[in-house]
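Letters A, B, ... are given to chains in the order of the sequence lines, protein chains preceding strands, and every chain is numbered from 1. Atoms considered below: every heavy atom in the structure, side chains included; atoms not considered: hydrogens, waters and symmetry mates.
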Amino acid sequence: MSTNETLPSANFIRQIVTHDLKENKHNGRVATRFPPEPNGYLHIGHAKSICLNFGIAAEFGGTCNLRFDDTNPEKENIEYMESIERDVRWLGFTWSGLYHASDYFEQLYDYAVQLIQQGQAYVDTLSADEIRAYRGTLTEPGKPSPDRNRPIAENLDLFARMRAGEFADGQYVLRAKIDMASPNINMRDPAIYRIRRVHHHRTGDAWCIYPMYDYTHCISDALEDITHSLCTLEFEDHRPLYDWVLDQLQTPSHPQQIEFARLQLEYTIVSKRKLNQLVTEKHVHGWDDPRMPTLAGLRRAGVTPKAIRDFCERIGLTKQNSWIEMGVLEYCIREDLNENALRAMAVLQPLRIVLDNYPDGQTELLDVSNHPQRPELGKRSVPFSKVLLIEQDDFAELPPPKYKRLVEGGEVRLRGAYVIKCTEVIKNADGQIIELRCSYDPDTLGKNPEGRKVKGVIQWVSEIHAAAAEIRLYDRLFSVPNPDNEANFLDAINKDSLTVLEDCRVEASLADANPDSRYQFERTGYFCLDKDSANGKLVFNRTVTLRDGWVKD
RNA sequence: UGGGUCGUCGCCAAGCGGUAAGGCACGGGGUUUUGAUCUCCGCAUACCAAGGUUCGAAUCCUUGCGACCCAGCCA
């Protein structure tokens, strides 16, 4: 049984950092940051970036900040910010500093004034549509705006009045003056400030102009003395702009932007727009629905932070666009849960069995191990009596080949208890099996029967002692590997992604299940108590099934 | 068609001129009071293709081919 998380591999970013350290590039300092925009909940894709940034900092004795990229108040809010802090902490990381791009608005403004003074930025009156038209295309160069050569003094005046609120939203925009003919479209005089009369969740109504990402991000990194600014591949084309801005200004430092491929996980989506749609249109029950790929959803499903961290390490880090199979995530979840989840017995679809030769009214307390491979986790007492409940699936009237559970006239081991034999099948008027009459072998507690082998082992609960529970079985939310490829991703939603079993029975010890514990319901999967459990009502979520190596032929 | 990036097993991924690591998946054997776990074995004469350089190439060069990203006053 492995107790260690996957050993770190020499991915290209670790190599760069190692090399920089050797060259004493930043005076031996390593500083990273995780810069989410507070416009949605964190998801499994963010986990990759979080583990990378915080991981690199930890490994090399550096620092990692949490910085909210909150420059677009139209989409951002406090709820998202709070959820992000909660989720980063839950994943197991502690930030060195907590910052907001909005903390830098005043400095950002001053730097913009400086760019104007240097003749490297101008106030443009062109509309958004016109700017698009002037920008040219992928193959044709753009053409200069009529305002491109506006005198510096006039730009200064206009920009000050933009800030003062003298103009309507969208009336003017501040643009960097770079190169309208650049083959890189991002360099064709990108907008760096826009007028937006929107209340900002942190700065209130102090500003009516807000800086754009490209301009803000590099300066924020520089102000925080970040050494390695790690981001995803789509920002590769923005790196020249990142460097251009910092080259024009006397910032405290000039961080190095390095891009890596974002996570793509089969059968899931991570587009914030689509995730939001799933929530608002009620295709799922909120951001923390266990089917959601959000950290909140994974947490509620019972996935552990350790499993996610291990997953992020296992999938590697490169610049290749790649798709990770669900099996990898499931493996990581099972590996952690197999080692740490307490075992228990639950019967999802009960079938009543009566032990004819067991004394009426008798109850035995049987000691059952909480974890077969880890005796130090102790044992629990499980009540055994004459009337028991087993899983419907564990009895077959017409067993398939190699079936090793209960059949009429056959024997099976009750986990942690006795070997029983089915003597009679009781059906109702419709021909449905409603009860099994069985006998038990008193000489099989803790030992194998003499002279015969009993292969099957099944779980059970005592009818009068068991606790009722609702059990929610989750499956992948989508039925195709890449829902984004569909004309409408909603059409790819798996209709069976949630099965609610309302009348399950779990062993008595689970009546006071710990909300933070994970359990393995033997032979069926890993489960955890859901927050919907209240006053005596038990609700469990299935985190993941057990691997099923049984190949029926 | 301009620019940027990437092509090593079904899926990830090491490899950095000296003769293809590892993980997941898959197939088979063993142990097992969970058809779980654990364990053992198997799984690329081959690195997008074709040329070239070299004693030697996945690694260097050339030319192709394929995939992804970019034309928000989003991030």
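Counting atom types as modelled, A/R334 pairs no side-chain N or O with a base atom of B/U37 as donor and acceptor under 3.5 Å. For B/C16, its base sits under 3.5 Å from the side chain of A/Q15 at one donor and acceptor pair at least. The base of B/G3 sits with one of its N or O atoms less than 3.5 Å from a complementary donor or acceptor on the side chain of A/D237. Under 3.5 Å, the side chain of A/E259 and the base of B/U5 form no donor-acceptor pair of N or O atoms. Judged by distance alone, with hydrogens and angles left aside, A/R132 brings no side-chain donor or acceptor close enough to the base of B/G72 to form a pair under 3.5 Å. Contact annotation: side chain of A/E140 to base of B/A71, donor-acceptor pair absent below 3.5 Å.
Sorted by residue number, the members of residues 65-74 of chain A with any non-hydrogen atom under 4.0 Å from RNA chain B read A/D69, A/T71, A/N72.
Among B/G35, B/G3, B/C24, the nucleotide with an atom closest to any side-chain atom of A/V328 is B/C24. Among the nucleotides B/U5, B/U37, B/C73, the one closest to any side-chain atom of A/K319 is B/U5. Comparing B/G3, B/G35, B/C68 against the side chain of A/N321 picks out B/C68 as the nearest. The side chain of A/E236 lies closest to B/U5 when the candidates are B/U5, B/C73, B/U8. For A/I315, taking side-chain heavy atoms from C-beta onward, the closest of the listed nucleotides B/A71, B/C12, B/G3 is B/C12. For A/S322, whose side chain is taken as the heavy atoms from C-beta onward, the closest listed nucleotide among B/A13, B/U34, B/G35 is B/A13.
Using cut-offs of 30° and 60° on the angle between ring planes, the pair A/Y213 and A/F235 is tilted.
Taking atom P on both nucleotides, B/A75 is separated from B/G7 by 31 Å, rounded to a whole Å. With both ends at atom P, the span from B/U8 to B/G27 equals 25 Å, rounded to whole Å. For the C1' atom pair drawn from B/C40 and B/C47, the interatomic distance equals 29 Å after rounding to whole Å. With both ends at atom C1', the span from B/C65 to B/G51 equals 14 Å, rounded to whole Å. Separating the P atom of B/G23 from that of B/C61 is a span of 32 Å, rounded to the nearest Å.
Dashed line: the shortest gap from a side-chain N or O of A/R196 to OP1 or OP2 of B/C74 is under 4.0 Å. Between A/R262 and B/C68 there is no side-chain N or O to OP1 or OP2 distance below 4.0 Å. Within the 4.0 Å cut-off from OP1 or OP2 of B/A14, not a single side-chain nitrogen or oxygen of A/Q320 is found. Between B/U37 and A/R547, a contact under 4.0 Å exists linking OP1 or OP2 to a side-chain N or O. OP1 or OP2 of B/A75 lies within a sub-4.0 Å distance of a side-chain N or O belonging to A/R194. For A/R188, no side-chain nitrogen or oxygen approaches OP1 or OP2 of B/A71 to under 4.0 Å. Dashed line: the shortest gap from a side-chain N or O of A/Y213 to OP1 or OP2 of B/C74 is not under 4.0 Å. Here A/R523 reaches the OP1 or OP2 of B/G35: one of its side-chain N or O atoms lies under 4.0 Å away.
Looking at heavy atoms from C-beta onward, A/L295 lies out of side-chain contact with A/H43 at the 4.5 angstrom threshold.
Nucleotide B/G72 carries a syn base; the chi torsion (O4'-C1'-N9-C4 or O4'-C1'-N1-C2) is within 90° of 0.
Under a cutoff of 6.0 Å and an axis angle of 45°, A/R161 and A/F167 do not form a cation-pi pair.
B/G35 has A/W550 stacked on its base ring, the centres lying under 5.5 angstrom apart and the planes within 30 degrees of parallel.
Within 6.0 Å of CZ on A/R148 lie more than 12 heavy atoms contributed by other residues, nucleotides or ligands.
Sorted by first and then second residue, the salt bridge (Lys or Arg N to Asp or Glu O under 4.0 Å) pairs with a member in residues 32-50 of chain A read A/R33-A/D221; sequence neighbours excluded.
Checked against the 6.0 Å centroid threshold, A/Y440 and A/Y418 count as a close aromatic pair. Ring-centre distance between A/Y172 and A/F159: not below the 6.0 Å cut-off. With ring centers used as reference points, A/Y215 lies under 6.0 Å from A/Y193. Annotation: A/F478 is not in aromatic contact with A/Y267 [ring centroid separation under 6.0 Å not met].
In this structure, A/Y403 reaches the bases: a heavy-atom distance under 4.0 Å links it to at least one base atom across the strands shown.
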